[in-house]
Amino acid sequence: MKTKTHKGTFREWLSPEELHEESKKWMSELNFSKDEQDFLNDMVKDYTLDIIDSDMFNIVQPVVETLNKSEKEVEDMLKKVRLHENQLQIMIDDVNQNRMENAYLDTHADLEKELGRYFEKYREAKTKIFDIISQVIKRKKQKRLLN
């Protein structure tokens, strides 16, 4: 006869204040990435002709598409975090609603994972854009020196 083992899940119980602070931090990071994306878009626009001249357009295009997708995702993430923050009331009211409180904590953990994945992809695309633009600038300087 085999015995069944049940895996329990461990969840850190955060206070409503800690949940609020974490949500505020997420909002701040998302808003910063939004501003950063505007900067990256401007930088790509400023160097578009140089990118085309350097035959790096095929390399840049997928990265720019990733950044564009990231711009749309950041708006969705901001909405999710705002909604999540608005639902924090469940945790601070004096009503004992274990099921709803657990659902809120599950959502919080899911959002944390989703934000982690988003920022990982975004940082990768941002790094690639900076590398490409720096290569383009170096080539531009080399051409200027040779002429």
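Note that these values count all heavy atoms, side chains included, but never hydrogens, waters or copies made by symmetry.
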Could you work out, with side-chain contact (heavy atoms from CB on, under 4.5 Å) as the rule, every residue matching [X], not counting sequence neighbours?
| X | value |
| --- | --- |
| Met100 | Ile90, Gln97 |
| Glu65 | Gln61 |
| Glu120 | none |
| Leu83 | Gln87 |

Report the distance from atom [atom1] of [X] to atom [atom2] of [Y], rounding to the nearest 0.5 Å.
| X | Y | atom1 | atom2 | result |
| --- | --- | --- | --- | --- |
| Asp38 | Ser33 | CG | OG | 10.0 Å |
| Met77 | Leu115 | CE | CG | 3.5 Å |
| Glu85 | Glu22 | CD | CD | 11.0 Å |
| Lys113 | Leu111 | NZ | CG | 11.5 Å |
| Tyr47 | Ile137 | OH | CD1 | 3.5 Å |

Validation row: [X], [Y] side chains within 4.5 angstrom (heavy atoms):
| X | Y | answer |
| --- | --- | --- |
| Lys121 | Thr66 | no |
| Leu40 | Val64 | no |
| Phe119 | Leu30 | yes |

Carefully, step by step, assess Ile51 and Ile133 under the rule side chain to side chain contact (heavy atoms under 4.5 Å, CB included).
-> CA-CA 8 Å; Ile51 291 169; Ile133 296 296; 3.8 Å; yes

How far apart are the closest heavy atoms of Val44 and Thr48, and which atoms are they?
->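 What the structure gives for the nearest pair is O-OG1, 2.7 Å.
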
Heavy atoms only: give me the nearest Leu67-Ala125 pair and the separation to one decimal.
->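 Reported closest heavy-atom pair: CD2-CB, 4.1 Å.
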
Do Phe39 and Val74 share a hydrophobic cluster (ILVMFWY, side-chain heavy atoms under 4.5 Å, transitive)?
-> yes

Are Ile59 and Val136 co-members of a hydrophobic cluster defined by side-chain heavy atoms under 4.5 Å apart?
-> yes

Any ring-ring contact (aromatic ring centres under 6.0 Å, His included) pairs touching residues 58-97, not counting sequence neighbours?
-> His84-Tyr104, His84-His108

Quick one: which residue pairs count as a side-chain hydrogen bond (donor to acceptor under 3.5 Å, both in side chains) with a foot in residues 130-140, not counting sequence neighbours?
-> Asp50-Lys140

Those residues that, when tested against [X], pass side chain to side chain donor-acceptor pair (under 3.5 Å) (two or more places apart):
| X | value |
| --- | --- |
| Tyr122 | Glu36 |
| Glu71 | Asn41 |
| Gln37 | Ser70, Tyr118 |

Salt bridge (Lys or Arg N to Asp or Glu O under 4.0 Å) partners of residues 75-84, not counting sequence neighbours, each pair once | Lys34-Glu75, Lys80-Glu114

Tell me, please, which residues at least two apart from Glu124 pass salt bridge (charged side-chain N to carboxylate O under 4.0 Å, His left out).
->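 Listed in chain order: Lys128.
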
Taking only residues two or more places apart in sequence or in another chain, which ones pass salt bridge (charged side-chain N to carboxylate O under 4.0 Å, His left out) with Glu21?
->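 Result, salt bridge (charged side-chain N to carboxylate O under 4.0 Å, His left out) vs Glu21: Lys24.
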
